[in-house]
Number of protein chains: 2
Amino acid sequence: MEHISARDRRVDDVEVRQMRYFIAVAEEKHFGRAAQRLHMAQPPLSQQIKALEEQLGTQLLVRTTRKVDLTAAGELLLARARLLLAEIEKLEQDVKLVGQGASGVLRVGVSGTATYRLMPIIVQAARKHMPGLRLSVQGEMLTPEMEIALEEQRVDVAVLRPPIRSNQLSLKFLEKDELVVALPEDHELASRGLLELADLADEPFIAYPLSSAVNAISTEACRQAGFSPRIVQETQETSTLLSFVAAGMGVALVPTARRMFALQGIVFRQLRNAPAVDLAVAWKTDNETALLKKFLDLFETPATTEGNQA
Amino acid sequence: MEHISARDRRVDDVEVRQMRYFIAVAEEKHFGRAAQRLHMAQPPLSQQIKALEEQLGTQLLVRTTRKVDLTAAGELLLARARLLLAEIEKLEQDVKLVGQGASGVLRVGVSGTATYRLMPIIVQAARKHMPGLRLSVQGEMLTPEMEIALEEQRVDVAVLRPPIRSNQLSLKFLEKDELVVALPEDHELASRGLLELADLADEPFIAYPLSSAVNAISTEACRQAGFSPRIVQETQETSTLLSFVAAGMGVALVPTARRMFALQGIVFRQLRNAPAVDLAVAWKTDNETALLKKFLDLFETPATTEGNQA
DNA sequence: GACGACTGATACTTTTTGGCTCTGAATCGA
DNA sequence: TCGATTCAGAGCCAAAAAGTATCAGTCGTC
């Protein structure tokens with residue numbers, strides 16, 4: 001009957017409080033200031049940090065009476081503890097939400113490319129068919145980030161651009177978006193109707209990050225058109241990207257859906273034989289919660305259809 | 001000066017201990033059994049769970065005196081708290097590993113004389129005892145180069161030929177290699193067994209660079225034997241040096257260890273009263289990272305001895 | 001329908017731990 | 001060398017956690 005498990009040990013447990021203390025000291029690089037910031041005296045702070053080091057069997061800080069520095073182990077702890085505390089806070093919020101009567105919380109990661117167009121539709125559909133569901137949406141993410149977040153269960157479902165590498169994930173195809181050219185409105189090509197990719201060979205490009213699916217497909221398409229795009233600026237957020245275009249810094253290839261972003265000073269032009277990028281919804285295959293199943297059903301009747309958008 | 005931040009609050013902090021307790025109760029669905037499993041009495045467990053519920057402002061468990069059930073919020077907390085605890089445990093492990101120096105990057109400079117013989121043994125030992133360590137090896141370096149590189153912290157540790165000039169460095173002796181004569185196989189001295197250094201007085205020499213330790217010791221030994229070697233070719237890499245010998249351009253003095261370089265057309269002959277060169281490992285004295293310490297420990301059981309390689 | 005067994009909560013005590021003040025030791029700058 | 005600064009240690013107290021004893025429901029059983 002004895003379920004002795006590593007999870008049940010209680011001695012030498014690193015506590016949340018200690019992580020908070022450590023972060024304060026590591027950020028301030030000063031016990032006194034950290035203590036002040038934590039609204040406590042300096043000696044107990046020193047003691048807690050010392051205890052933490054003993055529990056981990058590892059020196060985290062190098063103290064000279066003059067200054068405090070981080071060891072390599074300390075650097076690692078600092079970075080990871082910050083993430084951990086953020087997750088704990090998120091968890092607290094989510095539990096409170098459910099406690100207050102929400103039927104559940106789904107954490108959704110959304111590709112930068114779908115954050116503004118598709119997501120509002122999904123949120124509306126969810127509100128209609130799953131009242132009580134709270135969506136915790138993180139937008140402007142890249143596919144590799146989302147894959148990791150799904151695997152580590154930091155998000156429950158993601159709207160992303162295939163392909164994916166992980167074999168722990170399932171995919172449901174949503175739609176195919178052609179790439180269009182975003183040009184400054186006074187650009188000479190803006191007067192033309194239909195462009196060839198090759199027309200852009202000498203243009204400076206504003207691009208999504210290297211790791212993004214749109215970038216990968218754009219670059220490959222350019223290569224096939226016989227040139228290698230000269231990227232003058234890289235940016236993750238589409239809104240930023242488009243404002244660079246509007247400022248005349250260069251041209252960009254963005255998914256069709258993006259055209260709705262009618263930014264002052266930008267025109268969109270279609271491409272002949274336009275390359276296309278898929279959009280899909282992904283989840284961890286072994287996540288079989290009813291909540292997720294029901295949410296995925298929202299995509300069955302394509303979310304883009306019918307009268308449920310404003 | 002007041003850095004008031006949400007991260008610094010300490011009241012109402014959900015603690016790791018509480019999550020452990022909750023998980024135990026949620027899994028057992030029974031306070032008594034959970035308390036037993038946690039090696040504690042039942043009342044304090046009830047209190048902690050109650051406190052947790054108050055901190056979250058949310059009911060987590062439905063208690064009938066007959067059984068305990070999870071609310072939706074409780075289910076959520078259970079699932080996510082398990083993940084969180086796993087992450088914390090992983091973090092503890094990783095911090096310990098880094099603290100013990102088991103992972104990280106070390107930049108190693110290696111004397112030309114040891115690049116091929118000693119280094120592979122060291123790399124193997126490191127792979128075995130310090131998994132996660134990445135070695136960035138630069139081979140075929142000379143002692144003065146390595147001294148400077150160590151001082152400027154462009155490398156962390158070096159395998160070199162003493163003596164060294166710098167007083168910022170520490171040394172650990174590794175082994176002593178006698179110098180032997182490398183001769184073209186058709187050389188008249190190749191027929192003799194044991195040579196005197198003086199026999200070489202009129203021979204053309206292929207030598208290591210002036211700044212190398214082997215060259216310094218060779219030249220000094222020749223001087224004591226009553227002649228000054230006539231150097232016809234200078235080269236840094238041993239493989240190149242030996243191929244000059246094979247080509248009949250001259251003779252050379254190389255450390256014993258080098259004989260394994262069985263190049264076609266070369267014979268090695270021992271010297272009476274052979275001069276010897278030391279091999280040592282050196283590091284910057286004030287570099288006290290755990291990573292380096294652990295790496296240096298690899299040399300304690302001399303890396304040249306057998307037994308510890310696969 | 002009453003009693004006993006079981007289960008979680010409550011009241012109270014003991015133990016442990018975290019925090020505070022005061023002080024000391026080491027280092028840096030003047 | 002002296003003062004200022006900074007982190008650590010000692011001793012004390014308060015708060016929190018854990019323990020003991022007990023109570024109050026609920027369910028099953030006779």
Side-chain angles (χ1 to χ4, degrees), chain A residues 1 3 8-56 58-71 73-74 77-78, chain B residues 1 3 8-56 58-71 73-74 77-78 286 288:
Chain A
M1 196 55 43
H3 294 231
D8 300 328
R9 90 210 139 84
R10 62 192 174 84
V11 286
D12 282 6
D13 241 348
V14 171
E15 282 297 342
V16 172
R17 178 173 32 78
Q18 293 176 303
M19 290 197 257
R20 263 187 226 295
Y21 289 0
F22 177 75
I23 290 173
V25 175
E27 285 180 353
E28 298 288 343
K29 291 194 191 301
H30 192 294
F31 279 77
R33 278 196 300 276
Q36 204 174 335
R37 177 172 139 185
L38 293 164
H39 309 296
M40 66 189 292
Q42 165 264 317
L45 179 57
S46 290
Q47 286 182 345
Q48 288 296 323
I49 300 291
K50 188 185 165 195
L52 178 62
E53 287 181 321
E54 277 166 11
Q55 284 164 23
L56 293 173
T58 304
Q59 195 177 356
L60 301 171
L61 299 170
V62 182
R63 297 105 156 139
T64 64
T65 39
R66 222 50 208 167
K67 67 172 193 279
V68 174
D69 263 318
L70 293 176
T71 63
L77 181 61
L78 174 59
Chain B
M1 197 56 44
H3 296 232
D8 301 329
R9 88 210 141 82
R10 63 195 173 81
V11 286
D12 281 7
D13 240 350
V14 172
E15 282 296 344
V16 172
R17 180 174 32 79
Q18 293 176 302
M19 291 197 257
R20 260 186 227 294
Y21 289 179
F22 177 75
I23 290 174
V25 175
E27 286 180 352
E28 298 288 342
K29 292 193 192 302
H30 193 293
F31 279 76
R33 278 197 299 277
Q36 203 175 337
R37 177 171 137 184
L38 292 164
H39 308 293
M40 66 188 293
Q42 165 264 317
L45 179 57
S46 291
Q47 287 181 348
Q48 288 295 322
I49 300 292
K50 189 183 166 193
L52 178 61
E53 288 181 320
E54 278 166 12
Q55 284 165 21
L56 292 172
T58 305
Q59 195 179 351
L60 301 170
L61 299 170
V62 182
R63 297 104 157 139
T64 65
T65 40
R66 223 46 212 169
K67 66 172 194 280
V68 175
D69 262 317
L70 292 175
T71 62
L77 181 61
L78 174 59
D286 62 12
E288 299 191 326

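Note that these values count all heavy atoms, side chains included, but never hydrogens, waters or copies made by symmetry.
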Engineer: Roughly how far apart are A/Leu78 CG and A/Leu60 CG, rounded to 0.5 Å?
Structural biologist: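 Between A/Leu78 CG and A/Leu60 CG, I get 10.5 Å after rounding to 0.5 Å.
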Engineer: Would you kindly give the OH-to-C1' distance between B/Tyr21 and D/dG19, to the nearest whole Å?
Structural biologist: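 To the nearest whole Å, that distance equals 12 Å.
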Engineer: Does B/Glu15 have any side chain to side chain donor-acceptor pair (under 3.5 Å) partners at least two apart in sequence or in another chain, and if so, which?
Structural biologist: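 B/Glu15 satisfies side chain to side chain donor-acceptor pair (under 3.5 Å) with no residue once adjacent residues are dropped.
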Engineer: Between C/dC20, C/dG18, D/dA18, which one does the side chain of A/Met40 approach most closely?
Structural biologist: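 Of the options given, the side chain of A/Met40 lies nearest C/dC20.
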Engineer: Rounded to whole angstroms, how far apart are CD on A/Glu15 and P on C/dT16?
Structural biologist: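 Those two atoms, CD and P, are 18 Å apart.
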Engineer: Quick one: does B/Phe31's side chain get under 4.5 Å of B/Leu61's, heavy atoms only?
Structural biologist: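 With C-beta onward as the side chain, the pair touches.
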Engineer: Mark up nucleotides 3-10 of chain C, 5' to 3', with B wherever a protein heavy atom is under 4.0 angstrom from a base atom, S wherever such an atom reaches only the sugar-phosphate, and - elsewhere.
Structural biologist: ---BBBBB
Engineer: Give the rounded distance in Å between these two atoms: CD of B/Gln55 and P of D/dA16.
Structural biologist: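 Roughly 11 Å, once rounded to whole Å.
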Engineer: Testing A/Arg20, A/Arg17, A/Glu53 one by one against A/Gln48 for a side-chain hydrogen bond (donor to acceptor under 3.5 Å, both in side chains), which residue passes?
Structural biologist: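 Of all the options given, the one that passes is A/Arg17.
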Engineer: Measure the distance from CG on A/Leu45 to C1' on C/dT17 and round it to the nearest whole Å.
Structural biologist: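 It is 16 Å, rounded to the nearest whole Å.
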Engineer: Could you give the CD-to-C1' distance, from A/Glu28 to D/dT6, as a whole number of Å?
Structural biologist: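 These atoms are roughly 15 Å apart.
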Engineer: Before giving the answer on side-chain contact (heavy atoms from CB on, under 4.5 Å), spell out for A/Lys29 and A/Leu70 the whole-Å C-alpha distance, their side-chain angles and the decisive distance to 0.1 Å.
Structural biologist: CA-CA 8 Å; A/Lys29 291 194 191 301; A/Leu70 293 176; 4.0 Å; yes
Engineer: Please give, in whole Å, the distance from D/dA17 C1' to B/His39 NE2?
Structural biologist: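 Taking NE2 of B/His39 and C1' of D/dA17, I get 17 Å after rounding.
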Engineer: Between P on C/dT17 and CG on A/Leu52, what's the gap in Å once rounded to a whole number?
Structural biologist: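 Going from A/Leu52 (CG) to C/dT17 (P), I get 16 Å.
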Engineer: Nearest whole Å is fine: how far is C/dG18 P from A/Glu54 CD?
Structural biologist: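 From A/Glu54 CD to C/dG18 P: 12 Å.
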Engineer: Of all residues at least two apart in sequence or in a different chain, which pass the side chain to side chain donor-acceptor pair (under 3.5 Å) check with B/Thr71?
Structural biologist: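 By the side chain to side chain donor-acceptor pair (under 3.5 Å) rule, B/Thr71 matches no residue at all.
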